[in-house]
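Accompanying notes for the structure given below.
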Number of protein chains: 2
Amino acid sequence: MPVSRQELFDVLSQVGRALGSGHRLALLEHLAQKHAPVEELAGASGLSIANASQHLQHLRRAGLVTARRDGRQMVYRLTDERILRLLTLMQEVAETHIAEMERLMGRLFDDDDAGETLEPMTRAQLQRALEQGEVTLLDVRPREEYRAGHLPGALNAPVVELETMLSALPRDREIVAYCRGVYCTFSHDAARLLRERGFQVRRYQAGIMEWRAAGLPLAE
Amino acid sequence: MPVSRQELFDVLSQVGRALGSGHRLALLEHLAQKHAPVEELAGASGLSIANASQHLQHLRRAGLVTARRDGRQMVYRLTDERILRLLTLMQEVAETHIAEMERLMGRLFDDDDAGETLEPMTRAQLQRALEQGEVTLLDVRPREEYRAGHLPGALNAPVVELETMLSALPRDREIVAYCRGVYCTFSHDAARLLRERGFQVRRYQAGIMEWRAAGLPLAE
DNA sequence: GTTTTATTCAATTGATTTATTGATCATTTG
DNA sequence: CAAATGATCAATAAATCAATTGAATAAAAC
């Protein structure tokens, strides 16, 4: 009995369906920062434990995440770098071709100071600036996410603690702030605060997500 | 009123949902070969016209395809190269991480001569062979798909007509056959026939789909 | 070996998605 | 302008998916 083309597409569509829920995408974004047990993922995504568990198993069946028992926790992680590539590609497609997305992205940031925020840096620009040692790189995500892996050479200054760390930051060099990815506002919040205090600052908005998706190394 | 992260993920999930149906993936595979009106797409995917139309609009809302009226037909096409990248990435993920997929892929080809078929060529291998002018490249898809765009330098020999074209093919050079993509069996069927007739033949199984996804040019 | 903790399973309910049917709309042809 | 063609829309029924609840497991702590 030969296998029909359609059977293959049906199995393949599992991957698509797994990516077809906002909650599951939120889980994946969190896993793009660090591997994590169910409880943490549920908390970060605003889901009940049981519900998160089921979504995670959905992702697992689709091959997007793996799970490993560690003591009494079940630690989930992305299966490989390709999943990041899938996510960033989806983001690009949505940003470019879905009008609703553009509208929301606009509103995500211009709460009060629309015009003031500079264009974010691209990864290529950031890499060039880093090579030439021109900038101070600032990871404004929470401490645990920084510890689980961050851009080489980045300092950690969680956005909530940023105010208390200003004296440690240079005023004569440009600062580049980054966070989780395009849908994360930490770097935006940080940049606004820093600019108000007289720092020169830009953002690498694509963040950890795009960096990892490009296959670039993280430091620990 | 600020936009929540979750709203963004919900919009983004439209892209995933659009990829979450075997029928829609079949439509996309066809569109990866050539742009086409609804009727053709419905026929190729075994869907009713109305149903195909609705699936296509689903894809359109997700930004995966665009439609342009041409006379009384509505011609659909992929929005851009990124969609190909999405599809090939999904395939890779499924092949690597979903056991069911591996099983089906195995059964797709080994109907009778399991062991005989050589490992397919990778794109890199093909490119090297082409540069050195070592091989004759054979596009075994239907004529119209070939005409809509094919690998530079490829001859067209639709698998159904292949038997009548054997005399035009070289016996002293290796032939490389390719078709639509990993789920297309044309190149496999062609390779078997050619091998039976004493030709030296290999397959570039990833086909047009992967070639385009890599951003490489087609000839017309 | 019982209790505690973290997770999964199973059953239920409500919400989406899908395929089908027949009607409608836009464009071209006679 | 009427008829024909290609595609979309609207309404329905069937199938699938999502969130909730409470029970069941598995490992660790007592």
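Quick note on labels: first sequence line is chain A, next is B, and so on, each numbered from 1.
For the pair B:Gln57 and D:dA7, the criterion of a side-chain N or O lying under 4.0 Å from OP1 or OP2 is not met. One finds no side-chain N or O of B:Arg72 lying less than 4.0 angstrom from the OP1 or OP2 phosphate oxygen of D:dA4.
When rounded to the nearest whole Å, the span between CG of A:Leu59 and P of D:dA18 equals 10 Å. Per the geometry, CD1 belonging to B:Ile49 stands 15 Å off C1' belonging to D:dC9, to the nearest Å. Rounded to a whole Å, the CE atom of B:Met74 is 8 Å from the C1' atom of D:dT8. Here D:dT12 presents its C1' atom at 14 Å from CG of B:Asn51, a figure rounded to the nearest Å. We find that CG of B:Asp10 is positioned 12 Å from P of D:dA18, with the value rounded to whole Å. Taking atom NE2 of residue A:His58 and atom C1' of nucleotide D:dA18, one finds them 10 Å apart after rounding to whole Å.
Taking the nucleotide of DNA chain D with the nearest heavy atom to each of A:Asp70 and B:Gln73, the more 5' of the two is matched to B:Gln73. Taking the nucleotide of DNA chain D with the nearest heavy atom to each of B:Val75 and A:Ser21, the more 5' of the two is matched to B:Val75.
With hydrogens and angles disregarded, no donor-acceptor distance shorter than 3.5 Å links the side chain of B:Asp139 to the backbone of B:Ala177.
The heavy-atom pair separating B:Glu210 from B:Tyr204 by the smallest distance is OE1-OH, 2.6 Å.
Looking at B:Arg180 and B:Ser187, their side chains never bring a donor and an acceptor atom within 3.5 Å of each other.
You can see that DNA chain C meets the heavy atoms of chain A within a 4.0 Å-exclusive cut from C:dT4 to C:dA10, reading 5' to 3'.
Atom CZ of B:Arg123 is separated from atom CG of B:Leu130 by 12.0 Å, given to the nearest 0.5 angstrom.
Identified under the salt bridge (Lys or Arg N to Asp or Glu O under 4.0 Å) test for residues 17-29 of chain B, with sequence neighbours left out: A:Arg5-B:Glu29.
Classification of A:Glu161 and A:Arg143 as a salt-bridged pair holds, one side-chain N sitting under 4.0 Å from a carboxylate O. Note on B:Glu144 versus B:Lys34: no salt bridge recorded, every NZ/NE/NH1/NH2 to OD/OE distance being 4.0 Å or above.
For A:Arg17, counting side-chain heavy atoms from C-beta on, the closest listed nucleotide (D:dA7, D:dT21, D:dC17) is D:dC17.
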